[in-house]
Structure formats: C-alpha cells, structure tokens
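Below is one structure, written out as structure tokens; the observations come after it.
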Amino acid sequence: MTDTQNPDDNETDAAPRDFIRDRISADIESGQHAAIVTRFPPEPNGHLHIGHAKSICLNFGVADEFGGTCNLRFDDTNPAREDESYIRAIQDDVRWLGFDWGDNLFYASDNFEQLYAWAQHLIENGLAYVDDLSADEMREYRGTLTEPGRPSPHRGRTAAESLDLFARMRAGEFEDGAKVLRAKIDMASGNINLRDPVLYRILRADHPRTGDAWRIYPTYDFAHGQSDAIEGITHSLCTLEFEDHRPLYDWLIDNLPVPARPRQYEFSRLNLGHTVLSKRRLSQLVEEGHVTGWDDPRMPTVTGLRRRGVPPEAIRDFIGRLGITKSDGLVEMSYLENTIREHLNQTAPRRMGVLDPIKLVIENYPEGETEELDGLNNPTDESAGTRKIPFGRELYVERDDYMDDAPNKFRRLTIGREVRLRFAYFVTCTDVIKDAEGNVTELRCTYDPESRGGDSPDGRKVRGTIHWVSVAHAVTAEVRLYDHLFAAEEPGKERDWLEDLNPASLEVRDTCFLEPALADADGVVQFERLGYFAPDTNSAPGALLFNRTVSLRDSRPKAKG
RNA sequence: UGGGGCGUAGCCAAGUGGUAAGGCAUCGGGCUUUGAUCCCGUGAUCGCAGGUUCGAACCCUGCCGCCCCAGCCA
C-alpha cells in the first residue's frame, strides 16, 4: 500500500506536459481548485486561423484532461469592428475542430451591466476617473517608453463628478471620443499599461447583441478579467503579448468585489512559415482580393484548411506535437504538411487521375475491347478493400512520365523501356508521335498480356510503375494545385509583406482525367503518385473540382523528367 | 537609455545539479505493383564569458541576441 513507484516504471504514453498543465496539476493537488474552468475567448471580427486552433486545443484539451470545463466566450466589446456573421462561423469552426462547449456559451456583452456597476465602484473608491483629454493629448501625457507620463488635469476630479459624467457618457450625451473612463494607477510606471489605462470609451454604435442600449463600451482590459471572474474561470490562458497586461488584470481583480480569483497564464502564439497569422492581415487579403475569401484553400484559416481537405485530427495532432511554451519560434510549413500526410495516408482511398494528360495507345491490345481490373483502395489498410478500374486500348498517362533519351535513373516511359501500368499490365514504349513544335502528342506501346494485374509469370522485374486512366471511361475534372501563399518564409521581413505573396500559389489544371470511381468522391482521396485531393465545396456531378490538399513526398532525383 | 519575456541540433521540444529524450527535416541503407507508405542507421556539450561545486544546460555574475508594450484594438 505504501509502495512507491519504481523509477523505471514507464508511464503510459505521455499525456502532453507543459508548464501550464504542470501548474494546473499543482493547483488541483494543493486543493487550490476542485475543478478547473478555462475559456476560449475569440473576438468576432474575423475567422479563426490555425493560430487560434492552438489556443482552442490548449483550452479545451486541458479542460478535458483535468475533468474541467471550457467555455466559449465571445469577446464582443467593440461593435465598431465586430459582426454577427463571425459568431456563427467561429462556432462552426470550433465544432469542426472537434470541440464542444456544451451549454457554456457566453458573451462579454452579457456582463455589460455588471461591468458598469464595477466601474462605478472603482470611481467611488477613488480608483477611476472620467478624463476629457483627446486621444492625441492622452498619448502626449502618457510619456514614452523611457520617460514617465504626466497626470491628466482631470485626474483629481471628485468621485461625484466622475460618477455624474460617467452616467452621462452612458446616456449618450457626449460625442465619440469626447471622454473616457480611466483607472487611476501610476502614470510613472515602467509598464505603460499601468499609466491610467482606459476602461471605457464612448462609442455610439449599435451592438450586435445589445442593440442601442449602450453608448459606452468597456475595453478589453476591463472586460476580460472580470468576465473570467464572473464565469469562474480558474486559468485564463492567453498569448505572450498580454503578459504586460497581467499586472493590470490582477489590479482590477484585487480592487473589485468579483466573485472569484482567476489567474492569467501566457504562452507563445503560433507562427507558421510562408503564411501570415494575424487577423488584420488575413482580412486584408480577403478585402483586397488577393484570395477568394476566408475559405480560400490557400488561407491558414480553419475554414480554408477545411476546404483544402485537411482533416481536423491532423490539425489537432500538429498542435499537440508543437507543445506549449513561452519561446516564440517559427514553425516550418512542411511540418504541418507532413502531419497532414501522415493522417491522410491512413485514411484516404487511393485512386488514379491524370493531371497533365497525353494519350498512350497499346497497339497489340484488341480494338474496342475493355476489361476491369482490381485496384487496392489502400495498401496500408487491408480492410479498405478493392475497386474495379476499367482498362482499354487507349489510356491517358502523365506527360511527365515520358522522356526522350531518358537517363538510366528515369524509371518511367521512354522508348524501349518496359514499365508497369499500376494494377494493369507491363507495357513497353515503342514510338512517340510529336506535333510540328515537337510536343509529344501520343505514345505508342505494346503490352504483355501475361502480366495482367501487374506481375509477369516469368518473374520479370520492371523499373517503374505509373498511373493511368482509360480514355473511354475517364471522367473529366478541374484540379487546383496550391503552393505557399507567400513565397517568403517570413512575409514582410525583407520588403512589404504583400510583395511577398507567391504569384504561383494557385495553378489550375482544367482538363484532368480521372478514373470513374472518382465521379462521386465525397472525401479526401489520394491520387496515386501525386498527392491528396479533396472535392471542392463547389464540385458537382459533371463539373468535378478538386483541391490538392498536399502533395506526396517526392524523393525522385532533383532534375525532373 | 523604461517595463515584460525568450535564447537546447535546420525546425518544434524534453530536461530544474550527476554527466543532452522525442518528433519533423537532412543524408545513407533495406523493403516496395504509388520514386508514397514502412523499416534501420545518421547530428548538439545546451547564446557568450567568468564564477560556485567532486560534478552545471540546469546555481551566481556580467555580457550578447531576439520578441512584446507608448490603440479611446484584442
């Protein structure tokens, strides 16, 4: 009973460990908290991106691991920039990622009345005052990073006067920007957030949820921590740039009669190479038409990744592998891509499709004859079974898979070389037909009828295997190939970030030929030897449209055929 | 020159005084009806310089580098 654990007693596969989880464990062990409550607090002013996914996975993940709950809370304190449409989209995204907030849906705006009362409480206690300084004046008075600020002339206003002014601000008596409510803390603090930060500003705009009830709105600093307290959040997890705000967060909690004592912990946000992860920049890309929308498959948004064909499991796995720390780095895009491949390799059915077709005619195959061959749906998963693939005398193969005078390394078609048509026959190229400009228009081949299925009874080996589609049975489709949205790994590092946009991020192949089984594909599939492809949201029978989620790894020698 | 953080191999990241986990990438090799998958192997003395200690990535001191903060954005 009093047995201690063996030092070599290997725990099961390590649940994620990081400084935040360590802290939570400690808080639970010490009895500090019986159960933990976290929250994911998006501002509804744009769509979620993969950086948010990190926060989502952390907050919901930790709640789940420790038997707590995670609230979804909209930080809707700025009606000037927020919109209802985003509220819906954000919920869809979080759900799609695989998380469930149950009944715990909140809005900071639900607390407006309470926040107002607490602001009055601060004024009554001499801890806040109404200031008439303009934004410009306030900036001047605030000082600089190295010089202390000066007190506003209104800092000494009586509580009674501030209370009156504050009420009139609420009533809509003053213009936007005419007055603000400020906390009275320390104009000389080295931490600029403590130099009498603004708690309320006049914004005579209607709010998606409270309509015209309010003419003043609390700032993030005043709304966030207090909302945490109201919801009983135990661990308020946010990104590093809020570290400077923690003293203010604590000051407010300490000076207000809040019902709980939440604590804020900060972790580093996700930075990904060859893309941008800020809502400001992402909205700009959308607004200026550099992409087709928030759900453009090139966007690092949750909705974009989804349309691209990235499974939510892959995103969660990716985030999990990165870990939670306080050091900010730049994660290689290839890391994400690799994680996506890993998941899709297990689940995506294999199919064949030719994206840059040239015709291949098998001269000794009977005219007009057709047969069906069996193709493995997934070599890594026996249970995926097989499918029938129609075969005939005329096929489409990839232009890339033929080369004149190919070097020995070239394992594909060239005159005189025998290769295997996947799941079909051995075929030997005998002649090539070209147009006036020298472009290959057709390949002539002979096949070995004995090699049906892809193996020769004489045990003869073949150097390569290529994919194909029967001309008579092919379905046509448009396929979109994507590359990094930005050519530079760190957009904006060497020049204006928009100049780093990759002009080749989208390549449209409008006449591709696919095996007939793809006519009604409804999930991500692997086009053998090419990559993973997802039917686009606009794909329709007769007008198939696929997005390349990610290519397959390619270890072929550098110089392509 | 103020305040707050960070600094372990190309990238992410364990490690918290006892002699550098793991993942990805790279490069070799094996297997292979996808040049895919899979399998095996492959690299660091821990930003730098001092100090404490029998012993330091982990403790102390001093440097250096990078990130964030001067919105009535979050």
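Every chain is numbered from 1, with letters handed out A, B, ... down the list of sequences. Here the structure is a predicted model, which is why all the values come from computation and not from measurement.
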Per the atom types in the model, does the base of B:rA74 pair as donor or acceptor with the side chain of A:His245 at under 3.5 Å? yes
Going by modelled atom types, is there a donor-acceptor pair between the base of B:rG35 and the side chain of A:Arg412 at under 3.5 Å? yes
Please determine, for B:rC58, whether a Watson-Crick or G-U wobble partner exists with both distances under 3.5 Å, and give it or none. none
Hey, is A:Arg246 close enough to A:Asp250 for a salt bridge, meaning N to O under 4.0 Å? no
Cationic N near anionic O, under 4.0 Å, A:Arg460 to A:Asp455: no
Just checking, is any N or O donor in the side chain of A:Asp76 or A:Ser109 under 3.5 Å from an acceptor N or O on the other one? yes
Over all strands shown, is A:Asn78 touching base, sugar-phosphate only, or nothing at heavy-atom distances under 4.0 angstrom? sugar-phosphate
Looking at A:Leu237, is its backbone amide N or carbonyl O close enough to the side chain of A:Arg39 to form a donor-acceptor pair, meaning the two atoms are under 3.5 Å apart? yes
Once you apply a heavy-atom cut-off of 4.0 Å, does A:Gly177 come out as touching a base, just sugar-phosphate, or nothing? base
According to the Watson-Crick and G-U wobble definitions, with both distances under 3.5 Å, which nucleotide is paired to B:rG2? B:rC69
With a 3.5 Å cut-off and just heavy-atom distances, do the side chain of A:Asn191 and the base of B:rG4 make a donor-acceptor pair? no
Side chains of A:Glu82 and A:Asn45: do they bring a donor and an acceptor to under 3.5 Å? no
Across the strands shown, which category fits A:Asn338 at heavy-atom distances under 4.0 angstrom: base, sugar-phosphate, nothing? sugar-phosphate
Short side-chain N/O contact from A:Thr325 to OP1 or OP2 of B:rA13, under 4.0 Å: yes
Please work out if A:Thr77 contacts a base, only the sugar-phosphate, or nothing of the nucleic acid, heavy-atom cut-off 4.0 Å. sugar-phosphate
Over all strands shown, is A:Arg182 touching base, sugar-phosphate only, or nothing at heavy-atom distances under 4.0 angstrom? nothing
Within the structure shown, what part of the strands sits under 4.0 Å from A:Met138 by heavy-atom distance: base, sugar-phosphate, or nothing? base
Checking contacts here: which listed nucleotide (B:rC72, B:rA74, B:rG35) is nearest the side-chain heavy atoms of A:Glu241? B:rA74
Measuring only the C1' atom in each nucleotide, how far is B:rA9 from B:rG30? A whole number of Å is fine. 26 Å
Tell which nucleotide pairs with B:rC38, taking only Watson-Crick or G-U wobble pairs whose two distances are both under 3.5 angstrom. B:rG30
So, is A:Arg553 near the phosphate of B:rU26, with a side-chain N or O under 4.0 Å from OP1 or OP2? yes
Using a cut-off of 4.0 Å on non-hydrogen atoms, how would the nucleic acid contact of A:Leu133 be classed: base, sugar-phosphate, or nothing? base
Check whether any side-chain nitrogen or oxygen of A:Ser327 sits under 4.0 Å from OP1 or OP2 of B:rA13, and answer yes or no. yes
Rounded to whole Å, the CD1-C1' distance (A:Ile389 to B:rU34) equals 12 Å
Tell me whether the side-chain N/O atoms of A:Thr465 come closer than 4.0 Å to OP1 or OP2 in B:rU32. no
Please determine, for B:rU52, whether a Watson-Crick or G-U wobble partner exists with both distances under 3.5 Å, and give it or none. none
For B:rG7, the nucleotide meeting Watson-Crick or G-U wobble distances (both under 3.5 Å) is B:rC64
Give a yes/no verdict on a cation-pi contact between A:Arg422 and A:Trp468, requiring under 6.0 Å between NZ or CZ and the six-membered ring centre and an angle within 45° of the axis. no
Are A:Arg422 and B:rU32 close enough that a side-chain N or O sits under 4.0 Å from OP1 or OP2? no
If anything within 90° of 0 is syn and all else is anti, what is B:rG71? syn
Counting any heavy atom closer than 4.0 Å, what does A:Glu243 reach on the DNA or RNA strands: base, sugar-phosphate only, or nothing? sugar-phosphate
Pick base, sugar-phosphate or nothing for A:Leu322, based on heavy-atom distances below 4.0 Å to the nucleic acid. sugar-phosphate
With a cut-off of less than 4.0 Å, is there a side-chain N or O of A:Arg201 near OP1 or OP2 of B:rA74? yes
Is A:Arg341 near enough to B:rU37 that one of its side-chain N or O atoms lies under 4.0 angstrom from OP1 or OP2? no
Taking N and O atoms by type only, does the side chain of A:Gln346 place a donor or acceptor under 3.5 Å from a partner on the base of B:rU37? no
A:Arg142 has a side chain; which of B:rA74, B:rG35, B:rA70 sits nearest to it? B:rA70
Rounded distance [0.5 Å steps], CZ in A:Arg263 versus CD1 in A:Ile24: 14.5 Å
Is the shortest side-chain N/O distance from A:Arg139 to OP1 or OP2 of B:rG71 below 4.0 Å? yes
Would one find a side-chain N or O of A:Thr219 under 4.0 angstrom from OP1 or OP2 of B:rC73? no
Does A:Arg463 make a side-chain N or O approach to OP1 or OP2 of B:rG35 shorter than 4.0 Å? no
